[in-house]
Amino acid sequence: MRKQIAIIGGGPSAFLLAAFLDPEKFTITIYEKNKTAGRKFLVAGKGGFNLTHSEPIEQLIKRYTPDDFLDKALLTFTNTDFRNWLDQIGVPTYIGSSNRVYPKEGIKPIEVLHAILKSLKEKGIIFKYEHTFSDWGNTNNPIINNKTIQTDYTVFSLGGGSWKVTGSDGNWLDTFSKKGIKTKAFQASNCGYQIDWKTDFIQKHEGTPLKNIAISCNNVTQKGEAIITKFGLEGNSIYGLSPQIREQLDTNLKAIVSIDFKPSLTLEDVHSKIKLSKYRNTTDILKKEIKLSTSQIDLLKIYLSKESYLNTELVTRQIKNFPLEIINKVSIDEAISTVGGIDLNAVSKNFELTTMSNQFCIGEMLDWDTPTGGYLLQACASTGVFLANYLNKNN
């Protein structure tokens, strides 16, 4: 007789779990509180549907914090495996200029979702919409729509606390905490950070990108670009430093990051170009020899004393190591992702809750972190496949 598996939550980790479970061994039901599945999955497609990243798996694993929690799952179902599976269900992919992976041009996010759902329904997966988990019954079976569901295994794929409009609101956290499961409060990640800009600077440069830069915090460096906003900074070069910035904010109520305006040049290169320039005016030298943008030059001008700006040694050091003080982060509602949720010590290496047998948690509801760039979706997919393999093997 096939065993019953209740998957609670209809997102990427749930989809991949269901896709790889053995239908000969299990009757699989996905319970989704919304009228449709995959609403948060579609949000990822608004800025270009970044499915995963193509970098070598050994390097990809290092993008996660902590980097030793998801390694087995990521090795079980790699970025290459993910692309192959997508291709099998009719979603060919390509690698973009940033090495991110996207659906083949012309394929819309909703078409990717429809292909996934079609493949699951063809496999016999049952979907029950407008079904909301609220608690556990006396025998630790889940209560859904005020009824206790009899199941052999329960898998929670409830998501994090960002994008509440999609239903990923994190309201489940209190229910798990009251059950004695160790949890952590949600915090914003991959988000904008607040900087107290000088008025003259922000009035002129709000909305301006800082391109081809590198930002560092706690000896971790991220290359890319950042957008100057009235609130502070946002963009891929600062999103990837979220764990380090949060750590400093939690400890010191502020964080210091440093910007390298010219990561392609060494300190000696910059110094030499300035010193040997045929131009006499410092601004002309920085613009024409170092190729700094107007916003970068104005940062140096406005935040340095006149003497420092005109001093070759000092301005060279600032170009390669310009400090900025961060005083806060945006709210969870404005963040791309969150950290927090189920404490990693509350689950086994197979994602089973240590206090409740045959109950598992996968995907973003677990307390791990990673930058944008396809890494979030890849980890959700990998945790789903890893658990599917574990359940198939043990039944």
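Here, residue 1 is the first one in the sequence, and each next residue gets the next number. This structure is a prediction, so every number in the text was calculated from the model and none was measured.
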Show every side-chain hydrogen bond (donor to acceptor under 3.5 Å, both in side chains) that has at least one partner inside residues 90-99, sequence neighbours left out.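 Passing the test, one end in residues 90-99: R83-T93.
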For Q248 and C217, which heavy atoms make the closest approach, and how far apart are they?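 Looking at all heavy atoms of both residues, the shortest contact is NE2-SG, 3.5 Å.
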List the atom of Q296, the atom of I213, and the distance in Å for their closest heavy-atom pair.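 Minimum heavy-atom contact is NE2-CG2, 3.6 Å.
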Donor-acceptor contact below 3.5 Å, side chain [X] vs main chain [Y]:
X    : Y    : result
K123 : D22  : no
N321 : R317 : no
N34  : A37  : no
H131 : Y129 : yes
Q359 : N140 : yes
N395 : L391 : yes
E32  : G10  : yes
S237 : I215 : no
S382 : A379 : no

Verify whether one side chain among [X] and [Y] offers a donor that lies under 3.5 Å from an acceptor in the other.
X    : Y    : answer
T316 : E313 : no
T338 : S189 : no
S337 : N190 : yes
T52  : Q378 : yes
N350 : E352 : no
K262 : N212 : no
N145 : Y31  : no
S308 : S305 : yes
S177 : T183 : yes
T78  : D81  : yes
K182 : T354 : no
T266 : D269 : yes

Scan [range] for pairs that pass salt bridge (charged side-chain N to carboxylate O under 4.0 Å, His left out), counting only residues two or more places apart or in two chains.
range            : result
residues 64-74   : none
residues 154-168 : K164-D333
residues 285-297 : none
residues 101-121 : K118-E122

Between K211 and E225, does at least one N-O distance fall below 4.0 Å, as a salt bridge requires?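 Answer for the salt bridge query: no.
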With a 4.0 Å cut-off on N to O distance, would you call R63 and D369 a salt bridge?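 Salt bridge between R63 and D369, a charged N being under 4.0 Å from a carboxylate O: no.
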Using side-chain contact (heavy atoms from CB on, under 4.5 Å) as the criterion, list what pairs up with I202, not counting sequence neighbours.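 I202 satisfies side-chain contact (heavy atoms from CB on, under 4.5 Å) with W197, E206, I228 once adjacent residues are dropped.
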Among I336, T229, V330, exactly one meets side chain to side chain contact (heavy atoms under 4.5 Å, CB included) together with E234. Which residue is that?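 One option only clears the test, and that one is T229.
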If you group Ile, Leu, Val, Met, Phe, Trp and Tyr by side-chain heavy-atom gaps below 4.5 Å, do [X] and [Y] land in one group?
X    : Y    : answer
L314 : I259 : no
I227 : I326 : no
V339 : L74  : no
I149 : I143 : no
I57  : F82  : yes

Mind checking who shares a hydrophobic cluster with V101, ILVMFWY linked at side-chain heavy-atom distances under 4.5 Å?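 Direct or chained contacts put V101 with I95.
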Between K3 and Y153, is NZ or CZ placed under 6.0 angstrom from the six-membered ring centre and within 45° of the ring axis?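 That pair does not qualify as a cation-pi contact.
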Begin with the C-alpha distance, continue with both residues' side-chain angles, and end with the deciding distance and a verdict on side chain to side chain contact (heavy atoms under 4.5 Å, CB included) for I126 and I28. CA-CA 6 Å; I126 302 163; I28 306 151; over 6 Å; no
What verdict does the side chain to side chain contact (heavy atoms under 4.5 Å, CB included) test give for K301 and T283, after you've listed the backbone C-alpha separation in whole Å, the side-chain angles of each residue and the deciding distance to 0.1 Å? CA-CA 9 Å; K301 271 187 177 180; T283 299; 3.0 Å; yes
Is the F15 ring parallel, tilted or perpendicular to the F127 ring (thresholds 30°, 60°)?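 It falls in the tilted class, 30° to 60°.
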Evaluate the ring planes of F20 and F77, with Trp represented by its six-membered ring, and classify them as parallel (under 30°), tilted (30 to 60°) or perpendicular (over 60°).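 If you compare the ring of F20 with that of F77, the planes turn out perpendicular.
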Residue pairs involving [range] (criterion ring-ring contact (aromatic ring centres under 6.0 Å, His included); sequence neighbours excluded):
range            : result
residues 370-395 : H53-Y375, F351-F386
residues 211-265 : F261-F322
residues 173-196 : W136-F176, F156-F176, W172-F176, W172-F186

Could you give me the CA-CA distance, side-chain angles and deciding distance for D152 and R2, then say whether salt bridge (Lys or Arg N to Asp or Glu O under 4.0 Å) is met? CA-CA 10 Å; D152 296 293; R2 291 186 298 175; over 6 Å; no
Would you please name every residue forming a side-chain hydrogen bond (donor to acceptor under 3.5 Å, both in side chains) with N141, sequence neighbours left out?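 Once residues adjacent in sequence are excluded, the partners of N141 under the side-chain hydrogen bond (donor to acceptor under 3.5 Å, both in side chains) criterion are T139, Q150.
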Could you tell me which residues satisfy side-chain hydrogen bond (donor to acceptor under 3.5 Å, both in side chains) with K204, sequence neighbours excluded, listed by chain and number?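 Counting only residues at least two positions away or on another chain, K204 forms a side-chain hydrogen bond (donor to acceptor under 3.5 Å, both in side chains) with D298.
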Within the structure provided, determine whether L17 and V155 are in side-chain contact (heavy-atom separation under 4.5 Å).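 Contact flag for L17/V155 side chains = yes.
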Could you go through the side chain to side chain contact (heavy atoms under 4.5 Å, CB included) check for I8 and T154 one step at a time? CA-CA 7 Å; I8 302 177; T154 304; 3.8 Å; yes
